[in-house]
Amino acid sequence: MTATTRGPFDVWAPRPERLRLALAGEVVEMTRGDDGWWTPTEPVPDRDAAVDYGYLVDDDPDPRPDPRSRRQPDGVHGLSRRDVTTYEWGDAAWTGRQLAGSVVYELHVGTFTPDGTLDSAIDRLDHLLDIGVDLVELMPVNAFNGTHNWGYDGVGWFAVHEGYGGPDAYKRFVDACHAKGLGVVQDVVYNHLGPAGNYLPLFGPYLKDGRNTWGDMVNLDAEGSAEVRRYILDNIRMWFEDYHVDALRLDAVHALADTSEVHLLEQMAIETAALSAHLGRPLTLIAESDLNDTLLVRPREAGGYGLDAQWSDDFHHAVHVALSRETTGYYADFEPLEALAKVCEKGFFHDGTYSSFRERDHGKPVDTEHMPTWRLVVANQNHDQVGNRARGDRLAEHLDDDQLACAALLTLAGPFTPMLFMGEEWAASTPFAFFTSHPEPELGTATAEGRIEEFAKMGWDPADVLDPQDPETFHRSRLDWDELTEGRHAVVLDCYRRLARLRRELPQLTDPAFGSVSCTVDGRLFTMRRGDLLVVVNTGETEASVAVDASEVLFETPSGVDVRGDTLTVPPHAGALLR
């Protein structure tokens, strides 16, 4: 992964006819090179200080932030600030964390703790170790419009949101994670830019004609795209090299429209592998994709893009429907319990089958003979599946303790890479809703109306859709850490701790072979064999019995199970892991 060395105030801007650098109360003329990069013509005052600066584009009297700004102390509309601090890293002995065999934990910095900062999150890392977490995944932390947001509407891709603590706090967080043996996954968004504060088009052709679900398309293959691609690839390098992160989760890669000879995703894989070899530690790329196509994670030697892993929403849908029996919208196709069996054995449910929600055939089969199961990252809850519900309601609002424990059992004892969503491990009572804080009233209104329209196909009552601009929508989404030791919260948390211990102890639970997985369905009783281990889950409303060749109960949900001879009896909603 290579990057051209340029001055601290050089900027790529092929569109303007004139560009000036504004800093320290002065204005410095800039000169454009043949490659579209501008350089200060005169000596720059305070060039080595933490100075605030911006660019005067043509005749615009208002300075605009640096497209590669590392700090936006006054928000995305304000001046950039040079990040000249020297952080003394303490992770020289860190050798990295591979994804295979790991447990991922997804969190939103702003709602994970009462303070909503990276520094306060450090205080909760021991809790993550206690439930068997190996990799901590942060939802996007780049600079966005307003004070609180999910982060997917970011516009300052190189800057860490000041409300979270800025770049130094981010480094402290990563350092603290590594000190405890935890890797860090950073969620990044390259498929669109947010609706406010995006000044990139003033500088160059960062966008192209056409729109995806979230906004204008990023220019990956039209005129000027070489520098736009380098902008993204340099951002990837920044996270790995400057911030020492271990993995990136690439948001909605199906929205990266690229007809180049080498797709941007493959180029990411090429350059990340080169940097990994140089740094001497594993660097992982995880794609979120709606395509159900393992081309993304197929090795380049086999004609794929060479990414390391991808999300599988089919697992979530199958587990959610099996336990909750909710069948609206995209859940409809997953109503038969056999859908869960197929997902566990084959990776995807829709692998070329008809999707009633999409109204077309969808997906391609997984090469189960050759692909390891860990390349699919799965969850029974995540920010999308909870936050994109009308009220941000979690499974804990609808399921009993046994069912929640079964969700954990299927996720942590299943064949894939499990990802937990913050708070699920103690059945958090707080919702996780979609929230924004756009200062512009018209943008806030448009966002709220867009949510109602988006949910129409799921059949949810528009009256139930929370206003994302209401500050209370954000405040109510903060986790309540005082719950952990109380009632059902303590019961569910104990289940996660016990499953974490078993996952560390039993190699069958991290076996990456699809051939080690065999499932059966009998009415509402689901079984999954992992080598010589047996997972049993009763999704029905009545007691169920099944003949078993195992007698040792390694884990059981709160209501317990009964083994007599070769017969296992499972109460309604309960489950167990046996050997």
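Under the salt bridge (charged side-chain N to carboxylate O under 4.0 Å, His left out) criterion, Arg281 pairs with Asp246, sequence neighbours left out. Listed by chain and number, the residues in a side-chain hydrogen bond (donor to acceptor under 3.5 Å, both in side chains) with Thr284 amount to none (sequence neighbours excluded). Annotation: salt bridge (charged side-chain N to carboxylate O under 4.0 Å, His left out) contacts of Asp293 (sequence neighbours excluded): Lys364. Taking Thr117 as the reference, Ser120 meet the side-chain hydrogen bond (donor to acceptor under 3.5 Å, both in side chains) condition, with sequence neighbours excluded. A search for side-chain hydrogen bond (donor to acceptor under 3.5 Å, both in side chains) contacts involving Thr485 returns nothing, not counting sequence neighbours. Annotation: salt bridge (charged side-chain N to carboxylate O under 4.0 Å, His left out) contacts of Glu227 (sequence neighbours excluded): none. Checked against side-chain hydrogen bond (donor to acceptor under 3.5 Å, both in side chains), Glu472 has no partners two or more places apart in sequence or in another chain. The salt bridge (charged side-chain N to carboxylate O under 4.0 Å, His left out) check on Asp83 picks up nothing, with sequence neighbours excluded.
Every pair passing salt bridge (Lys or Arg N to Asp or Glu O under 4.0 Å) that includes a residue from residues 165-178 is listed here, sequence neighbours excluded: Asp119-Arg172. Contacts classified as salt bridge (Lys or Arg N to Asp or Glu O under 4.0 Å) and involving residues 374-383 (residues at least two apart or in different chains) are not found. The list of salt bridge (Lys or Arg N to Asp or Glu O under 4.0 Å) pairs with a residue in residues 207-218, not counting sequence neighbours, reads Lys208-Asp221, Arg211-Asp216.
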Name the atoms and distances for all side-chain donor-acceptor pairs under 3.5 Å in residues 130-139, with sequence neighbours left out.
residue	atom	partner	partner atom	Å
Asp130	OD2	Arg497	NE	2.4
Asp130	OD2	Arg497	NH2	3.0
Asp134	OD2	Val103	N	2.8

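Separation of the His316 and Phe421 ring centroids does not fall under the 6.0 Å cut-off.
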